[in-house]
Amino acid sequence: MKSFDYVRPASIGEAIAAARAPGAAYLAAGTNLLDLMKGGVSRPDRLVDVTHLPGLDTIEKLPDGGLRIGALVRNADLAHDAAFAKAYPAVAEALLSGASAQLRNAATVGGNLLQRTRCAYFYDVASACNKRAPGSGCDARGGDNDMHAVLGWSDGCIATHPSDFCVPLVALDAMVEIEGNGGRRQVRLEDLHRLPGATPQQETVLEAGDLIVALNLSAEACNFASHARYLKVRERTSYAFAIVSAAAHLSLANGRIEQARVALGGVAAKPWRAREAEALLAGAEATAQNFRRAAEAALAGAKPSGDNAFKIELAQRILVRALALASAGTPERIPALPASPFSIHSGALHDA
Amino acid sequence: MTPDIRLNQAPAHQRHGSNIGQPLTRRDGILKVTGKAPYAADHHPKGMLYAVLATSSIARGRVTFLDIAAAKRHPGVVDVMTPSHKPALAEDQDAKTNPFMFKMELLQSDAVRYANQAIAVVIAETLEAATEGAALLAPQYQALPARVGLDADESFVPPAVGLGHPAIVEHGDTEAGLANATYAIDATYETPAQYHNPMEPHAIIAEWDGDKLSIDTPSQGMAMAQMRIGGLFGIPPENIHIRSPFLGGGFGSKGLISGPQILGIMAARLVGRPVKLVLRRDQMYGPVGHRSPSRQRLRLGTDAAGRLTAIEHQARIVTSTFDDFYEPAADVSHTLFASPAIRTAHEAVRIDSGTPLFMRAPGEATGSIALDAAIDEMAFASGVDPLEFRISNDAPVEPITGKPFSSKALRECYAQGAARFGWAGRPLKPRQMRDDKGFLVGWGMGTATFPALMFAGNARALLRADGTGAMETGAHDMGQGASTALAQVAAEGLGLDLDRVEFKSGSSDLPDAGIAGGSAHTATVGTAIHNAGAAVIAKLADLAMRDERSPLFGAGNAGVVARNGRLHRRDDDARSEAYADILTRAGLAEIEASGTGAADPAAQAEYAMHAHGAVFAEVKVDPDLGQIRVTRMIGAFAAGRIVNPKLVRSQLLGGMIWGVSFALHEQAVTDGRSGRIMNANLAEYHVPVNADVPSMDVLTVHEHDPHVNALGIKGVGEIGITGSAGAVANAVWHATGVRPRRFPIRISDLVTAR
Amino acid sequence: MNHSISLTVNGVRRDIALTDPRVTLLDLLREQLDLTGTKKGCDRGQCGACTILVDGRRINSCLALAISHDGASITTIEGVARGDELHPLQTAFIAHDGFQCGFCTPGQLMSALGLIDEGQAGCDAERIREGMSGNLCRCGAYAGITDAVLEVQQKLKAEKERRVA
C-alpha cells in the first residue's frame with residue numbers, strides 16, 4: 001500500500017476542503033477502499049477519514065414520513081432497524097444478502113453507494129482497464145467475462161456495479177444528499193452512477209471533494225412495503241456477488257397492479273432501473289404472463305458483452321420470479337437466507 | 001527453542017477399555033479455541049525483518065528491469081534480493097535427483113516460467129514497508145505468448161503418473177468389449193485447475209546462527225524438508241531445526257518445502273537477521289502447487305443385463321513447461337468395478353503454469369468425479385438403478401491384478417448408506433421429483449475409494465520410573481488430529497492411561513515420521529508407535545521377569561500383558577507389578593526403545609489394499625434460475641480400524657465438503673492471453689461457506705483388516721472427496737436432466753440447457 | 001509521521017504510537033501487540049479469519065485501519081476465556097469438534113460471539129449457517145461449528161426462560 005497522509009477532519013467543511021486536493025480519497029469503513037489499496041488498484045496520496053464526523057450516523061424520520069439515512073450508518077444497523085425494515089423490506093433484504101455479517105457491520109451506507117466493480121481486469125493491475133487507467137483498453141473484452149454487463153456497456157468498459165443495496169434503492173427513487181464545494185444538493189440515485197460510454201473512469205456525477213452525507217427515501221416509497229422482494233442468483237449460497245439480481249415492488253388492488261418499481265443488479269455499470277417493465281405492469285393483472293412480458297421489456301435492449309448471453313435470459317427469469325414473490329407478499333420476517341431463490345417463505349427452509 | 005505446548009485433557013475423556021477406538025476430543029482443543037496454538041507466522045524473534053515477494057505478472061519470458069532504487073528509497077526497506085543480489089546456493093534450483101524433488105524458482109535467473117513466480121524479495125523493518133517496496137519494483141518484462149489450457153500444445157505420454165505408475169494400463173480387450181456391448185456410453189468430462197488454499201498461507205520464519213538454521217514453518221514432511229534445505233544451502237540436514245507443531249491446513253501443499261519458503265531462508269542469510277516471509281493469498285496461486293485441470297473421456301459398455309464389458313478411461317492433464325508431475329486421474333478406474341477389459345491412458349500437455357502437485361486425493365478426486373458420472377450414465381443407459389448397477393458390477397477381487405482385497409466392506413457401505421439415505425424408490429429417470437415449493441429434487445450417488453498406503457516412519461518410546469511414559473515422533477498435525485489419534489495409539493502401546501503419556505511431535509529433532517500425506521500418516525506412524533511401545537514393554541518385561549524380587553519373575557514363556565501401568569502375568573492376572581516399581585528397583589530413571597512403521601511387502605504382494613465408501617446426495621435446483629443447493633448427504637465408509645471416531649467423522653465430513661466444492665464451487669480461471677489466474681483470491685475462487693453445507697452424516701462401517709498393517713488402519717484423509725463429488729454431480733443430473741460434463745457445474749450450464 | 005492512538009484491548013487500555021498510518025488493526029494486533037491469536041487468511045475481507053469485536057461488533061480486522069479506530073474497544077480471541085475458564089462457546093467448539101487445523105477457529109469464535117450478540121439468528125440452524133458464512137473453513141468443520149453455536153444459543157434461551165419464569 002502506498003504511503004498516504006492521514007487527515008481526520010472535525011467538520012464536513014474541513015473534510016471537503018481536505019478532499020478537494022488531487023489524489024485525496026474519503027475513507028469511511030474502508031471495506032472496499034482498503035481492499036483496492038492493498039491491490040494497488042487505488043493509490044491515494046491522502047485519506048480523509050470521515051468516520052469521526054458528527055451527525056452522519058443517524059436514521060431520522062422526515063416530516064413527510066420518509067427517512068433520512070446518514071451516510072455513516074452501518075449496513076447492518078440499517079438492515080436491522082425495525083422501522084426501516086418494515087417500511088423498505090426489499091432494501092433490508094438486499095443489504096443482508098450482501099457480503100458477510102462482518103463486512104455489513106463495518107460498511108457504511110455512503111460507502112456502499114460508491115462500491116467499485118468486481119471486474120477481475122479492474123482489480124488486476126497488470127491488465128488493461130479503461131476504468132483504472134483511462135485509455136489503456138479493456139482486457140475484459142475477449143477475456144473471462146461471463147459475469148459482465150449485458151446492458152448499457154460500451155466498447156470501452158463492460159464492468160458491472162456489484163452493489164445489492166443500490167438495486168431496490170434505485171427502484172424506490174432514493175435521493176442522495178451530497179455536500180460539496182457549492183453547498184448541499186440532492187441527486188437521484190438513478191443519476192448518481194454513470195454508464196461507461198467513452199469515459200468509464202467517471203463512475204458517478206460526484207466532483208472533487210463531494211461528500212455523500214445522507215440517503216433519503218420518500219414516504220411514497222413505503223407504499224410498496226407489503227409487496228417487495230429482492231432476489232439474487234449466485235454460485236455460492238452466501239458470501240458471493242450476484243450473477244444477476246432483481247428488486248420488485250408492487251402496489252396491488254384487487255389483483256391488479258397499480259404501480260411497480262423494478263430494478264436489476266449485476267447487469268450494468270449502474271443499478272438498472274427497469275422503467276419499461278414498470279410501464280407495462282402499471283394497471284396490468286399480476287399474472288405470470290404479464291411478469292414475463294415485463295421482464296422481456298426490461299431486457300429488450302440487452303446484448304452480450306462477451307460469454308454472458310445467458311445473463312439476459314437469467315435476468316428475465318429472476319425478474320419474473322421477483323415479481324411473483326412480491327405479488328405474493330413480503331415475508332413477515334427477512335428469510336434465513338436473504339434474497340436466496342431458496343427463500344420462498346420466511347423462516348428456515350431446510351431442516352437441520 | 002521448542003515452544004512449550006500444553007495439550008488439554010479436557011473435557012474429561014471417557015474411555016471404555018482400549019485407548020484406540022475412543023471418540024476423544026482433540027487434545028489441542030484448548031490451545032486452538034484460545035488462540036494460543038502457535039502457527040508459524042505467530043513467531044517474532046528479536047530483530048526480525050519482514051520479507052515480501054514480488055511476483056511476475058507475465059507467464060513466460062524474462063524480467064528486464066526492476067526499479068530497485070525506488071524500492072530502496074521507501075522508508076523502512078532494508079534490502080532487495082534479486083538474481084544479481086542473493087546468497088549463493090550449493091545446488092541448482094532445477095536439480096532433480098529423484099522424481100519427487102521438484103524444481104523451484106529461487107532468483108537464479110531473470111527467467112519467468114509462470115505467472116505469480118517470485119522475481120524479487122523485498123526485506124524491510126515493517127510489513128507495510130516491505131509490501132510497498134515490492135510494489136515499487138514495477139517490473140518490466142520481455143514477454144512471450146503464454147501457453148495455457150488443455151490444448152496449449154501437442155500432448156505426450158508421460159513417463160509415469162502419480163507415484164510412479166505406468167501412464168497406460170491395458171487389461172483385456174476394451175475395443176472388443178465395447179464392440180460387443182449391448183449398451184455403451186462415450187462421455188467427456190472436464191475438471192478445472194484447483195488450488196489447495198489452506199486457510200494458513202505458507203509462512204516461514206528463518207533464523208541463521210552460523211551454519212545452523214532454525215525455522216518455523218508449516219510442514220507435512222519435516223525430514224524431507226531438512227534434506228532439501230540442507231542440499232540447497234550445503235549444510236548437514238541435522239543443522240536445520242524445523243518447528244511445525246501446528247499447520248493451518250496443508251492438503252498436500254505443505255508436503256514438500258516450496259520455493260517461497262526457501263526464499264525466506266535466503267533472505268535471512270542475505271541480511272543476517274531473522275526474517276519472516278508469509279505468502280499473500282494471491283501468491284498462493286502459483287509457486288506452491290495445485291491440482292491439474294483434466295479432460296477425461298470415458299467409454300463404457302455393458303451386456304444386456306447391465307454387466308460391464310469394458311471400461312476405458314483416458315485423461316489429459318497438464319504439467320509445467322519445466323517439471324514433471326502427472327495427476328493420475330484415470331487410475332481410479334483400476335480397482336472398483338469388475339470388467340473383463342479395462343484400459344486407462346494418460347496424456348499430458350506442458351503449459352506455462354506452476355508445476356501441479358499433490359492436492360488432497362491427487363488423481364482419485366479428479367478421476368472419480370468422471371468415473372462416477374460415467375457409471376451413472378452407463379447405469380441409466382442400461383436401464384438399471386445406479387446403486388444396483390454398482391453392486392452388480394462390484395469387483396470381488398482387484399480386477400487387473402486379480403489380487404484379493406485385504407478387506408473390502410464396500411457392499412456393506414452401499415447397503416447401510418442407502419438405508420440411511422432412503423435411496424429405495426428413487427425414480428430411474430431424471431426430473432421426476434419436486435418438493436412442495438416446486439424445486440427440482442435429485443438423488444445421486446458415488447463410490448468412494450482410496451488406496452491404503454504406508455510410508456516409512458519412526459517413533460521412540462520411553463517409560464519412566466515415575467510411572468509415566470513418553471512417545472516421541474516427528475509427526476505432523478495439519479488438522480487431521482494426529483496429536484490426538486497418535487497419542488491414543490501411544491497410550492495403547494505403552495499400556496498406560498493417556499493422561500500419563502507425554503506425546504511429543506511436530507519438531508524435526510524428534511524421530512523422522514515421514515510425510516503426512518497419502519492418507520497414510522496414522523497407519524505409518526501409528527505402526528511405528530505400536531512397535532516402539534511393544535519394544536519398550538518387552539525391555540521392561542525382561543527386567544521384571546529376570547528379577548526374582550518381582551512377582552513376574554520367571555513368567556518366561558507365559559509372558560506378560562501391559563495394562564494401566566502394570567505388567568500382568570498372562571497366565572495369572574493376579575500376579576502383576578507396576579512399571580514404576582520395576583524401574584525403581586532396577587535403579588533406572590527411564591528406559592527407551594524405538595520402533596518403525598512401513599509397508600509389509602509380502603502382504604502388499606498378496607493383497608490389494610483400499611478403503612472404500614458409498615456417498616449419497618440430494619440436491620435441490622431452482623427450475624428457472626439454476627441455483628443449486630445440496631440438501632442432504634450421507635457417506636458410508638469402510639476404512640479398517642477407526643482410531644478415533646470423532647476425528648474420523650470430522651475428516652470424512654471435511655472430505656465430503658471438498659467433494660461438494662469439486663462439483664459445484666471451486667475453479668481457477670486463467671486468462672488465456674496473459675496466463676494469469678483472474679480469481680486468485682477467496683472472493684471469486686469459491687470454496688463452500690457454512691450455508692452451502694447441508695445436513696450431512698457419516699457412517700463408518702465395521703471392517704477388520706488383518707493384512708494392511710499391525711493395527712488394521714487404512715486412513716481417511718482423502719477418501720471423503722471421492723464419491724462425494726460424483727454423488728452431487730449425479731444428483732444434479734437426476735434433478736434437472738442436464739448431464740454435467742464440465743466441473744464445477746455453473747448456473748449458466750443449467751440456464752442455457754433449458 | 002507519528003500518530004498516537006489509544007485502544008482498549010481485551011479490557012486493558014493501551015496507548016500506541018503508530019509509526020505508519022497504513023497499519024491495519026490486524027497487523028497491529030499481530031505484529032506489535034503480540035496478540036497473534038487473530039489470524040490472517042486473506043488480508044482482503046474474504047475469509048473471516050481475522051474477525052475481532054470492535055465496540056462489541058464483529059468486523060474483519062484486515063480491512064480496518066488502526067489509526068481510524070482511535071478510542072475503540074477491541075476484543076480478540078485472547079480476551080474470551082476468563083483465566084483458565086473457557087467461554088461456553090469455546091467449550092462447545094471443542095465438544096462438537098468445530099475445527100480441524102484450528103487456523104480459522106479464532107475468527108469463527110469471534111464471529112459466533114458477534115452473531116449471538118446481534119440476536120438475529122436465535123436457535124435457527126439455517127440462520128446460524130447464514131450468519132457464520134463470512135468465516136471460511138477449508139477443513140470443512142462447518143457441521144461442528146453450527147452445532148456448537150446452536151447448542152450455546154439453546155442454552156442461552158433456556159437460561160433466559162428460566163429467569164423469566
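Sequence lines set the chain letters: A, B, ... in the order given, protein chains first and strands last, and positions in each chain run from 1.
- The contact list for residues 679-688 of chain B toward chain C, using heavy atoms and a distance under 4.5 Å, reads B:N681, B:L682, B:A683, B:Y685, B:V687, B:P688 by residue number.
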Next item on the list: Mind running salt bridge (Lys or Arg N to Asp or Glu O under 4.0 Å) on B:E200 and C:R138 for me, showing each step along the way?
Entry: CA-CA 10 Å; B:E200 175 199 36; C:R138 185 58 154 161; over 6 Å; no

Checklist line | C:E78 vs B:T34, side-chain contact (heavy atoms from CB on, under 4.5 Å): CA-CA, chis, key distance, verdict | finding: CA-CA 6 Å; C:E78 289 89 349; B:T34 54; over 6 Å; no

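- The two residues B:G35 and C:P106 have their closest heavy-atom pair at CA-CG, 4.3 Å.
- Note that SG of C:C137 and CD1 of B:I657 are 7.5 Å apart. Values are rounded to the nearest 0.5 Å.
- Of the residues considered (C:G140, C:S133, C:C139, C:G37), C:S133 shows the highest number of contacts with chain B, using heavy-atom pairs under 4.5 Å.
- Salt bridge B:K276/C:E31: present, at least one basic N to carboxylate O contact under 4.0 Å.
- Of the listed residues (C:I94, C:T91, C:V80, C:L89), just one forms a side chain to side chain contact (heavy atoms under 4.5 Å, CB included) with B:V33, and that residue is C:I94.
- Of all the listed residues (C:K40, C:H87, C:Q32, C:K39), the one sharing the greatest number of non-hydrogen pairs under 4.5 Å with chain B is C:K39.
- For the side-chain contact (heavy atoms from CB on, under 4.5 Å) test, residues two or more places apart in sequence or in another chain that qualify with B:S253 are B:H196, B:P198, B:H202.
- Put simply, the side chain of C:R30 gets close to the backbone of B:A41: a donor and an acceptor are under 3.5 Å apart.
- Residue C:F103 comes nearest to B:Y39 through the heavy atom pair N-OH, 3.4 Å, listed as atom of the first residue, atom of the second, then distance.
- With sequence neighbours excluded, no residue forms a side-chain contact (heavy atoms from CB on, under 4.5 Å) with C:P88.
- For B:N197, the side chain to side chain donor-acceptor pair (under 3.5 Å) criterion is met by B:R281, B:Y285, not counting sequence neighbours.
- The two atoms that bring B:M199 and C:C104 nearest to each other are CG-CB, 4.3 Å, heavy atoms only.
- Distance alone, capped at 3.5 Å, places no donor-acceptor pair between the C:E130 side chain and the B:A691 backbone.
- For the set C:T105, C:L109, C:V23, the entry with the most heavy-atom pairs within less than 4.5 Å of chain B is C:V23.
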